[in-house]
Amino acid sequence: MNADVKQDLLPSFEQFIDNGWYILGNQVNQFEGEYASYCSTSYCAGVANGLDALIIALKTLEIGPGDEVIVPSNTYIASWLAVSYVGATPVPVEPRISTYNINPDLIEAAITPKTKAIMPVHLYGQCCEMDAIMAIANKHQLSVVEDNAQSQGATYNGKITGSFGHINGTSFYPGKNLGAYGDAGAITSNNEALIKKAFTIRNYGSNKKYYNEIKGINSRLDELQAGFLSIKLRHLNNWNQQREAIAKQYTRELTGIGDVITPVIADNATSVFHLFVIRTEKREALQQFLTEQGIGTLIHYPLPPHLQEAYSDLGFKKGDFPLAEKIADTCLSLPIYPGLTEQEVSFICDTIKSFF
Ligand SMILES: *Cc1c(COP(=O)(O)O)cnc(C)c1O
C-alpha cells in the first residue's frame with residue numbers, strides 16, 4: 001500500500017534532512033491543520049502515539065484519581081490504560097453483539113456520581129452510535145473522549161469520527177488506516193481551551209521555552225512523521241474506499257457459509273474497515289486451516305481487558321462481561337488492506353467455504 005506514495009515520500013525525506021528541523025516545526029503545524037480539516041474540527045494537536053493522545057485528552061479535562069470513565073468491555077487495552085494512567089477507574093459497558101460497539105442502552109446504568117466521561121471506541125473501523133452517546137453525555141453533563149484509533153474517516157449521520165467528543169484521540173501506528181512510519185498520534189477538538197492545554201501538556205507543560213506552567217510530559221509528533229502523514233492523508237479516503245469494497249466482497253461471499261457471522265453496520269453509521277472481523281464457534285480450527293493454506297489471520301482480541309492480569313486489581317472475573325468474552329472466544333480478523341485484490345479475497349472466501 002505504501003508503494004504508491006514512495007515517490008512522494010522520498011523528496012519529503014530529503015527536504016527534512018536539508019531543513020535540519022526535527023521537532024515541532026512547520027511540518028507538524030501543517031499536518032495538524034490538514035488533519036483538523038479532515039476531521040472537520042477546529043483544532044488538532046500532534047502527539048507521540050495514540051495512547052498518549054487519550055491520556056493527554058483526559059488530562060485536559062482534569063480527570064484523575066477518584067473519577068470514573070465509561071469504556072467498552074471489548075476494546076483494545078489502550079483505551080482502559082489511558083484512564084488508568086491518569087489515576088481514574090475504567091468502568092466497562094458491554095457492546096452490541098451485532099456491531100461490537102458500545103451499547104448506548106447500557107451506558108446510563110453504569111453512571112455514578114463519580115463518572116466524569118464516556119470513552120466510545122469506534123472498534124474495527126465502525127463509528128459508534130454517537131447521537132445516542134452524546135445525548136446521554138449532555139443529559140448527565142459528562143465529557144466525551146472518542147478513541148478514534150481504528151476509524152479515521154468513518155461517520156455517523158454524515159458526521160466524521162474525531163469530531164463528536166469534547167476532545168478526542170487517534171493513533172497513526174503503522175498498521176492503522178492512516179499509519180506513520182513509526183509511532184505517532186493526534187488529538188482533535190473544537191474547544192480552544194482544551195486544545196491549548198493539550199499543546200502545553202505534550203511539551204513539558206511549557207508554552208515558552210524553559211518556563212513551565214504545569215507538570216507536562218514529552219509527547220510530541222516528530223517532524224519527519226508529520227511530513228509523511230501529510231502525504232499519506234491525501235490517499236486516506238481512497239484507501240478507505242478500497243477497504244470498504246473488500247469488506248463488501250467478503251460479506252457477499254461469506255454470508256450463509258457454516259456458522260460464520262459477518263460484520264453488521266448500524267443504521268446511519270459507516271465503517272472504514274480497519275479490520276474485517278468474522279465470528280465462528282470453530283475459530284481455532286478455521287484459523288489453523290487458513291494458516292496451513294498460507295492465509296494469515298489475527299484475533300482482535302483474544303482476552304478482554306477485564307480478564308487481563310494487568311487489571312486483576314479491579315477484581316473482575318470470567319462471566320462478568322459475557323459479550324466481550326464471547327467476542328474474544330469467537331472472533332477472527334481476515335486479511336484486509338488497500339491493494340488486496342478481488343481474486344485474493346475470492347481465494348480466501350473459497351478456502352473458508354472448503355473448511356466448512
Ligand atoms: C492502536 C490503538 C490505540 C493506541 O494507539 P498507539 O498509537 O499504539 O498508542 C488505542 N486505542 C485503540 C482502539 C487502538 O486500536
Side-chain angles (χ1 to χ4, degrees), residues 50-96 100-123 128-150 161-162 164-170 187 189 191 193-194 197-198 201 214-215 217 301 303-325 327-328:
L51 175 59
D52 280 1
L54 296 172
I55 291 171
I56 294 170
L58 292 167
K59 277 180 177 285
T60 66
L61 295 165
E62 289 170 21
I63 290 168
D67 297 334
E68 294 177 355
V69 177
I70 290 173
V71 293
S73 56
N74 63 319
T75 181
Y76 179 53
I77 198 163
S79 324
W80 286 43
L81 285 177
V83 175
S84 301
Y85 271 114
V86 300
T89 304
V91 175
V93 165
E94 289 264 77
R96 282 199 206 280
Y100 312 130
N101 272 337
I102 192 166
N103 186 343
D105 300 340
L106 304 178
I107 290 177
E108 280 195 291
I111 295 173
T112 76
K114 293 179 178 174
T115 309
K116 288 286 151 49
I118 305 170
M119 183 182 284
V121 181
H122 310 300
L123 203 68
C128 292
E129 293 166 58
M130 289 310 298
D131 289 2
I133 293 169
M134 295 311 296
I136 295 163
N138 289 338
K139 180 176 160 195
H140 296 270
Q141 298 186 322
L142 304 175
S143 296
V144 171
V145 177
E146 288 170 71
D147 179 341
N148 190 25
Q150 301 192 355
T161 55
F164 294 93
H166 298 83
I167 182 161
N168 313 300
T170 194
I187 295 164
S189 177
N191 185 310
L194 291 179
K197 257 191 195 169
I201 293 169
I214 52 172
K215 297 183 191 79
I217 58 175
Y301 299 92
L303 192 66
H306 72 279
L307 298 178
Q308 297 282 353
E309 197 181 336
Y311 276 106
S312 55
D313 58 326
L314 293 184
F316 292 124
K317 57 186 189 313
K318 215 170 158 65
D320 283 348
F321 298 97
L323 295 186
E325 292 167 27
I327 294 164

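Position 1 is the first residue of the sequence, and the numbers go up from there. Atoms considered below: every heavy atom in the structure, side chains included; atoms not considered: hydrogens, waters and symmetry mates. Every value quoted in this text rests on a predicted model; they were computed, and no experiment measured them.
In this structure, the side chain of Trp80 engages the main chain of Pro72 through a donor-acceptor pair within 3.5 Å. Although no hydrogens or angles enter the test, the distance criterion places no donor-acceptor pair under 3.5 Å between the side chain of Asn101 and the main chain of Asn103. Between the side chain of Ser143 and the backbone N or O of His166 there is no donor-acceptor pair closer than 3.5 Å. Proximity of a side-chain donor or acceptor of Asn168 to a complementary backbone N or O of Asp147 within less than 3.5 Å is not detected. Here the side chain of Ser312 pairs a donor or acceptor atom with the backbone of Glu309 at under 3.5 angstrom. Not one N or O on the side chain of Asn138 forms a donor-acceptor pair closer than 3.5 Å with the backbone of Ala135.
Atom NZ in Lys116 sits 3.5 Å away from atom CG in Asp67 (nearest 0.5 Å). One distance of note links OH of Tyr76 with CG of Leu51; it measures 8.5 Å at 0.5 Å rounding. One finds the OG1 atom of Thr89 at 6.0 Å from the CD atom of Glu68 (value rounded to the nearest 0.5 Å). With rounding to the nearest 0.5 Å, the separation of CD1 in Ile107 from CD1 in Ile102 is 4.0 Å. Taking CG of Leu194 as the reference point, atom CG of Leu61 lies at 5.5 Å (rounded to 0.5 Å). Rounded to the nearest 0.5 angstrom, Ile167 CD1 and Leu58 CG are separated by 9.0 Å.
Between Asp320 and Gly315, the shortest heavy-atom contact is OD2-O, 4.5 Å. Closest approach of Leu123 and Tyr100 over heavy atoms only: CD2-O, 3.9 Å. Shortest non-hydrogen contact noted between Ile136 and Pro104 is CD1-O, 3.4 Å. Taking both residues in full, the closest heavy atoms of Met134 and Phe164 are given as CE-O, 3.3 Å, listed atom of the first, atom of the second, then distance. Taking both residues in full, the closest heavy atoms of Val145 and Pro120 are given as O-CD, 3.3 Å, listed atom of the first, atom of the second, then distance. Nearest heavy-atom pair across Ile201 and Lys59 is CD1-CB, 3.8 Å.
Note: Phe316 and Tyr311 fail the aromatic proximity criterion, with ring centroids not under 6.0 Å apart.
You'll find the side chain of Ile56 reaches within 4.5 Å of the side chain of Ile187, heavy atoms only. Taking 4.5 Å as the limit, every side-chain heavy atom of Thr115 sits out of range of all side-chain heavy atoms of Val69. Taking 4.5 Å as the limit, some side-chain heavy atom of His140 sits within range of a side-chain heavy atom of Glu108. Val71 has its side chain out of reach of Val121: every pair of non-hydrogen atoms, C-beta onward, lies at least 4.5 Å apart. In this structure, Ile70 and Met119 have side chains that are not in contact, with every pair of non-hydrogen atoms separated by 4.5 Å or more. Within the 4.5 Å cutoff, the side chain of Phe321 has heavy atoms near those of the Glu94 side chain.
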Query raised in the report: side chain to side chain donor-acceptor pair (under 3.5 Å) between His122 and Glu146: does it pass, once the steps are laid out?
Result: CA-CA 8 Å; His122 310 300; Glu146 288 170 71; 2.8 Å; yes
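Across Ile118, Val144, Thr161, Ile133, a single residue satisfies side chain to side chain contact (heavy atoms under 4.5 Å, CB included) together with Cys128, and that is Ile133. Put simply, the residue from Pro304, Pro90, Pro92 that forms a side chain to side chain contact (heavy atoms under 4.5 Å, CB included) with Ser73 is Pro92.
Salt bridge present: Glu129 and Arg96 bring a charged side-chain N and a carboxylate O closer than 4.0 Å.
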